[in-house]
Asker: 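Pasting a structure here, questions to come.
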Amino acid sequence: MSGDAGLARTIEALLFLSPDPLSVAELAEAAQAGEPDVEAALSVLAERYAPGARGIVLRELGGGHTFATDPATEDAARRLFSRPRTATLTPAQAETLAIVAYLQPVSRPEITRIRGVSADSAATTLLERGLVEEAGRSQFGAVMYRTSTLFLKLFGLRSLDQLPDVARWDPTPEEQAELRERLLRAGEARAGGGPTPE
Amino acid sequence: MRAGGVAILSDRYGERVSIATLDLDLDVFSGPFDLLLTLILREEVDLLELALADVVLSYLDHLESCGELDLETATEFIVLIAALLELKSKLMLASESEEDLLDMEPEQAAEELLTRMLDARRYRSAAGHLKELLAREHGTRFREAPPPAHLRRTELQPQEGGTAAEGGGQDPAILGEAIGRLLALPPAISLRHISAQRVTVAERLAHLRGLLRRGAFSFDEAVRGADRMTVAVTLFALLELYKRGEADWRQTESFGEVTIEAVAAQPVAAVAG
């Protein structure tokens with residue numbers, strides 16, 4: 001095989017074989033090529049597998065490169081495999097996943113504290129589905145969780161950096177002030193009305 | 001939550017009074033059990049300061065002095081004490097977070113609550129965003145199968161004396177024979193001689209009642225020629241008859257014959273004692 005075209009073919013084969021996204025470093029090591037050469041080969045492939053060109057597209061997901069099907073082929077794929085690609089998330093699972101995604105590594109008690117309700121069954125389901133994985137233990141011995149490569153893959157993310165800043169969903173300062181005011185009034189009502197010691 | 005617990009307790013309490021007279025002498029209370037319940041319900045005795053274990057111990061003492069176990073009273077006591085335990089555990093759990101907030105100045109408490117609400121709201125919105133991302137990826141599939149075995153990263157060292165080209169020095173035929181022996185299935189064990197016995201308590205009840213109508217009979221008669229399963233189920237049926245006050249039995253010596261006879265008229269009194 002000669003030069004860039006040969007390397008592009010090798011990279012294509014490696015991507016075809018691997019069920020997980022492959023990083024440039026992994027590809028370079030396997031193909032015994034320099035990383036800049038691999039990058040160049042990847043851009044050749046990206047053009048060849050651009051969306052709309054074939055049934056397969058080259059995607060950059062989960063810290064690596066991987067082949068994925070064109071969504072336009074989904075109907076046929078579903079008839080072939082008779083089940084949807086992924087089950088949808090329940091609200092509890094989505095919330096738990098969001099907390100893990102933003103705060104990782106994070107423990108179940110911490111997730112429960114933020115959600116205000118137990119997250120055990122949601123966390124277990126996410127673990128079973130491979131969207132989160134264990135990431136060691138906290139100083140108090142609780143299992144910590146982080147999101148997996150599969151999570152990035154399924155949610156179309158190159159890396160966690162692509163998640164928007166969580167603060168964007170915070171209420172405006174005015175709304176916060178009003179909320180604070182309401183809570184304060186409720187607190188005073190309780191302190192005044194309830195039975196007071198002494 | 002507290003109100004619910006009260007309703008349950010007073011309901012139960014209204015039904016019966018047999019346990020009510022149990023006398024208690026505890027650190028925070030001394031008097032009959034029903035008075036204690038009333039005081040707890042009116043919140044005049046603090047459940048948190050009451051050692052429920054002592055109540056149980058008093059009851060056990062009471063049982064000992066009575067010398068017999070009245071199942072109805074015992075059941076009632078267990079229900080009551082379980083309700084108290086549940087109520088108490090809820091009080092104890094609630095106190096953790098509630099008291100944290102109660103100890104604070106209203107301003108501080110409001111801040112704390114606000115932080116919690118914002119946290120929850122933030123990640124609920126983030127969850128919505130994740131769902132959108134997932135929906136946007138709808139229809140995209142990936143290779144899910146693992147790579148073929150010969151491509152997985154395993155380092156097989158060829159054995160001494162052979163070369164990799166010769167399959168690591170092993171004769172494929174020998175390997176094939178070895179694995180072939182392991183793969184051969186042992187002959188299936190026949191289960192044809194085992195037949196499932198299906199005997200219901202209802203059937204045996206009917207059988208026993210039939211015998212009862214003719215007068216007293218022995219247990220051996222009732223199960224003559226029956227298999228073990230039927231004997232066991234017949235025993236269950238007999239216990240059921242006894243529970244319903246339809247039959248009573250006598251056995252004069254250990255392993256001796258059990259005579260079963262119908263109980264006349266006053267079945268409930270006979271059982272409850």
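Atoms considered below: every heavy atom in the structure, side chains included; atoms not considered: hydrogens, waters and symmetry mates. Bear in mind that the values here come from a model prediction, so they are computed numbers and not experimental data. Each chain gets a letter, A, B and so on, in the order the sequences are listed, and its residues count up from 1.
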Asker: For A:Arg48, which residues count as a salt bridge (charged side-chain N to carboxylate O under 4.0 Å, His left out) partner, sequence neighbours excluded?
Answerer: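 In terms of salt bridge (charged side-chain N to carboxylate O under 4.0 Å, His left out), with neighbours along the sequence ignored, A:Arg48 is linked to A:Glu12.
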
Asker: Is A:Asp20 close to chain B through its backbone or its side chain, or both, or neither, when contacts mean heavy atoms under 4.5 Å?
Answerer: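 When you check distances to chain B, no heavy atom of A:Asp20 falls under 4.5 Å.
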
Asker: For the candidates A:Ile56, A:Leu103, A:Leu163, A:Leu61, which exhibits the highest count of non-hydrogen atom pairs separated by less than 4.5 Å from chain B?
Answerer: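 Ranked by heavy-atom pairs under 4.5 Å with chain B, first place is A:Leu103.
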
Asker: Determine the minimum heavy-atom distance between A:Phe67 and B:Phe142, stating which atoms define it.
Answerer: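 Closest approach of A:Phe67 to B:Phe142, heavy atoms only: O-CD2, 3.5 Å.
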
Asker: Mind listing the closest non-hydrogen atom pair of B:Ala127 and A:Ala98 along with its distance?
Answerer: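 Between these two residues, the closest heavy atoms are N-CB, 3.6 Å.
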
Asker: Which one, A:Thr69, A:Val57, A:Ile114, leads in non-hydrogen pairs under 4.5 Å with chain B?
Answerer: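 Of A:Thr69, A:Val57, A:Ile114, A:Thr69 has the most heavy-atom pairs under 4.5 Å with chain B.
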
Asker: Look up atom OG1 in A:Thr96 and atom CG in B:Leu130, then write down how far apart they are to the nearest 0.5 Å.
Answerer: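 Here the interatomic distance stands at 11.0 Å.
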
Asker: Please give me the minimum heavy-atom distance between B:Lys131 and A:Pro91, naming the atom from each residue.
Answerer: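 Looking at all heavy atoms of both residues, the closest pair is NZ-N, 4.2 Å.
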
Asker: Sequence neighbours left out, what passes salt bridge (charged side-chain N to carboxylate O under 4.0 Å, His left out) with B:Arg122? Give chain and number order.
Answerer: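 Testing B:Arg122 for salt bridge (charged side-chain N to carboxylate O under 4.0 Å, His left out), a comparison that skips the adjacent residues, returns A:Asp170, B:Asp119.
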
Asker: Heavy atoms only: give me the nearest A:Phe155-B:Glu137 pair and the separation to one decimal.
Answerer: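 Result for this residue pair: C-CG, 3.7 Å.
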
Asker: Can you tell which part of A:Phe151 gets under 4.5 Å to a heavy atom of chain B, answering side chain, backbone, both or neither?
Answerer: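 Side chain only.
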
Asker: Looking only at non-hydrogen atoms, find the nearest pair between B:Leu134 and A:Leu154 and report the distance.
Answerer: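 Here B:Leu134 and A:Leu154 meet closest at CD1-O, 3.7 Å.
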
